[in-house]
Structures are given as C-alpha cells and as structure tokens.
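Report on the structure given below.
Every chain is numbered from 1 and lettered A, B, ... according to where its sequence line falls, protein lines coming before strand lines. Since this is a predicted model, take the numbers as computed values, not measurements.
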Amino acid sequence: MPELPEVETIRRGLEPALISQKIISTRFFVRKLRWDIVASNFDNYVNQKSITSLSRRGKYIIIHLDNEAAVVIHLGMSGRLGLFEQTAIVEKHTHVIFYLENGMELRFRDPRRFGSIEVAPPHLISSYPRFAHLGVEPLSNNFNPQYLKKKTEKSDRGIKLVIMDAKIVVGVGNIYANESLFYSRIDPRRRAKSLSVKEIKALEKSLKTVLNTAIEKGGTTLNDFRNAYGEPGFFQLELAVYGRADLPCPECGTPIQKTVLGGRSTFFCPNCQN
DNA sequence: AAACGCGCCTGCGGGC
DNA sequence: TGCCCGCAGGCGCGTT
C-alpha cells in the first residue's frame, strides 16, 4: 500500500543507481495492468535512452530520459520497483523488466495489478493527462492553511475523505490520513466545513509532519512494502492509531475505536479526537 | 455540481 | 486438512 512516503522512499533509493544508466531494452510479461501497456511507446521513446533523473508526482514515480520522454509508474496497492542482478530469481507477478547497460535489471512486480506503467512521449510530461486533475503536493508550500480552508469551508464531506481526495491533495492514503487526524485531534467523521481555522492549521501541520517522519523512517511496512533493495520501512513502529483497534491510545490509554468511512477502515481515539 | 458507490485484482488470515 | 469468505485499497467512472 505505497502512499507518498513509500513512493518517495523508492524514488530516493533508485535515483543514484539509475542516473546515467541506459535502458537497453524492455520486456513485458503482461499486456495490461490497470491500463493497457503500449509496447510501441517503449520501442520509440524508452529503449536505448539514458535515465537523467527520477521525480515523483503524488504516488507516481517518473523516470526521466535524455530524449525528454518519461516512464510514468504507479505502484497501486502492491507494486514494487527494484534493482536486481541478472542471476536473481524472477519472482512471481513480475510484469516488466528494464534491462540496463550495466547488466542490472529494474523490475516492476505487482501481484494485485492495481499499478500502471506508461510512457509520456518527449516534452509531454508537463501535460500528462493523468496528472491533469491532481491537487497540490502536501509537502509543498502550495499546501497551506489558506488552501485547505478554501477546499473545506463549503464541503459537506467527512474531513478524512477530503484529505484523501487526490483532486485536493495528492499522496495521502488511508494510513497517513488516520495518523494526521489523530495528531491534529480531529474526529475523522467531522464534516469538513465544521473545522475551525485553528483545526485546519493543526491538520495541515500534522499531515506534513507525519509524511516527513515516515519518509525519514523509510516508509511503513505493514505486510509487504519494501524499498528498491528489498528492505522494509520502520514507520509502522510509530503508528498511533492505524491498525490499532481496541489497543490503548498512546496519549490517554482509551481503546482506539474502529469504524468505516467511504468503505475504508478508520481508526481514532474517541477521547482525544473530537 | 458535489458526493457517493462500485469494480478492478490477488494474497492472506480466520473460521469451520 | 482444506476450503470459503472477507478484507486490504487507489483510482476512474457511473449514478444520484
């Protein structure tokens, strides 16, 4: 379940190893993940090109090439992107392999196949259609109390659904939505427009803190998250409420309550959050 | 227009 | 033992 911190962890891990590497060829084991894989795009714009940098937009990883084209990858629920030696066993559900000039292989594996892999042709990444509707980056200055106030003040939706809405702010999945609402002491069931200015400021701040801390810890490994080198993250050790139904609140000891919002498990302290 | 609900997909854990 | 069921959930899209 890679959210922004996990995607950023993978990006940071891969970038130093991939910069200036040439992609010799690309092999596909499936024709479609979330969306169709257009093999001709890889022939035309990816193979025989060198990697210049890796960036991230929301939960997408972008591999930039020296012809100004880019490979856009989403890890979905269970996607992994990693570097392997040629001799390493190709694990089940490996869908794409990039063969690099130095003999290493960049492999994309995704059991649940919610992920995607597409090519933005040269110079088109700035107008990439899948990014068109995306909201602001939560760790940027564009995500600030004024912005969040504007997006919440007229909304009847629950606040948790609002901060998980990629059209408003990207990268926030279920784990970090739960955690940031805990630290800002806001009940996730509250209607967005009921938040005070003080609460909006607290939420903006706690979301940034939670995401930054999770990046520092190398992400959250619940079941299967691994970085580019197969190593787990450690932020799960610091989760205050997520997955902790009936366990004591780290602040006050009250049992953490579980409910469902928008079809997703929601955890909160009924004493601290109101 | 905003809000909500569904389907996609596989692995895993619990219950019997 | 082995099977079935429910859950995990980001995203686009259809419906209300």
## Note on the structure
Here the distance between atom P of dA8(C) and atom CG of Leu261(A), to the nearest Å, is 12 Å
### Task
Output the single nucleotide from dG11(B), dG12(C), dA3(B) whose closest atom is nearest the side chain of Asp156(A).
dA3(B)
### Task
Would you kindly check whether a donor in the side chain of Arg34(A) faces an acceptor in the base of dG10(C), or vice versa, at under 3.5 angstrom?
yes
### Task
Check whether any side-chain nitrogen or oxygen of Ser78(A) sits under 4.0 Å from OP1 or OP2 of dG11(B), and answer yes or no.
no
### Query
Counting any heavy atom closer than 4.0 Å, what does Lys92(A) reach on the DNA or RNA strands: base, sugar-phosphate only, or nothing?
sugar-phosphate
#### Entry: Atom-to-atom span, CG of Leu33(A) to C1' of dC11(C) - whole angstrom
14 Å
### Task
Classify the ring geometry between His74(A) and Tyr60(A) as parallel (under 30°), tilted (30 to 60°) or perpendicular (over 60°).
perpendicular
### Query
What nucleotide, of dG9(C), dG11(B), dC4(B), holds the atom closest to the side chain of Arg157(A)?
dC4(B)
### Task
Respond yes when some side-chain nitrogen or oxygen of His133(A) is under 4.0 Å from OP1 or OP2 of dC11(C), and no when none is.
no
### Nearest-neighbour nucleotide for the Lys59(A) side chain, dG10(C), dG9(C), dT10(B) considered
dG10(C)
### Query
When you check the gap from the basic side-chain N to the acidic O, do Asp36(A) and Arg31(A) get nearer than 4.0 Å?
no
### d(NZ, Lys32(A); C1', dT10(B)) in whole Å
14 Å
### Message
Rounded to whole Å, how long is the line connecting atom CE of Met77(A) with atom C1' of dC11(C)?
### Response
12 Å
### Message
Check this for me: does any side-chain nitrogen of one of Glu8(A) and Arg11(A) sit under 4.0 Å from a carboxylate oxygen of the other?
### Response
yes
### Query
Is the phosphate of dC9(B), meaning OP1 or OP2, less than 4.0 Å from a side-chain N or O of His93(A)?
no
### Query
Choosing from dG10(C), dT10(B), dG9(C), which nucleotide comes nearest the side chain of Pro111(A)?
dT10(B)
### Task
Quickly work out the Asp110(A) CG to dC11(C) P distance and round it to whole Å.
13 Å
### Message
From the set dC11(C), dC4(B), dG11(B), return the single nucleotide nearest to any side-chain atom of Trp35(A).
### Response
dC11(C)
### Task
Report yes if a side-chain nitrogen or oxygen of Ser265(A) is closer than 4.0 Å to either non-bridging phosphate oxygen (OP1 or OP2) of dA8(C); otherwise report no.
yes
### Task
Choose from dC11(C), dG12(C), dT10(B) the nucleotide whose nearest atom is closest to any side-chain atom of Arg112(A).
dT10(B)
### Message
So for Arg130(A) and dG12(C), does any side-chain atom that can act as donor or acceptor lie under 3.5 Å from a complementary atom in the base?
### Response
no
### Task
Please determine, for the side chain of His74(A), which listed nucleotide (dG9(C), dG10(C), dA3(B)) has the closest atom?
dG10(C)
### Task
Before giving the answer on salt bridge (charged side-chain N to carboxylate O under 4.0 Å, His left out), spell out for Arg107(A) and Glu91(A) the whole-Å C-alpha distance, their side-chain angles and the decisive distance to 0.1 Å.
CA-CA 10 Å; Arg107(A) 298 180 183 170; Glu91(A) 295 170 290; 6.0 Å; no
### Query
Roughly how many Å is it from CG in Asp165(A) to P in dG9(C), rounded to a whole number?
17 Å
### Nucleotide dG10(C), atom P - distance to CZ of Phe131(A) in whole Å
17 Å
### Task
Indicate the atoms forming the closest heavy-atom contact of Ser206(A) with Tyr183(A), along with that distance.
CB-CB, 3.8 Å
### Task
Just call it for Ser116(A): base, sugar-phosphate, or nothing, with non-hydrogen atoms closer than 4.0 Å on any strand.
nothing
### Task
Remember a base hit wins even if backbone is also touched, and classify Lys193(A) as base, sugar-phosphate or nothing at under 4.0 Å, heavy atoms.
nothing
#### Entry: Mutual orientation of the aromatic rings belonging to Tyr242(A) and Phe267(A) [parallel < 30°, tilted 30-60°, perpendicular > 60°]
perpendicular
#### Entry: Nearest-angstrom distance from the residue atom NZ of Lys167(A) to P of dC11(C)
10 Å
### Task
Hey, which sits more toward the 5' end of DNA chain B by its nearest nucleotide, Arg264(A) or Lys154(A)?
Lys154(A)
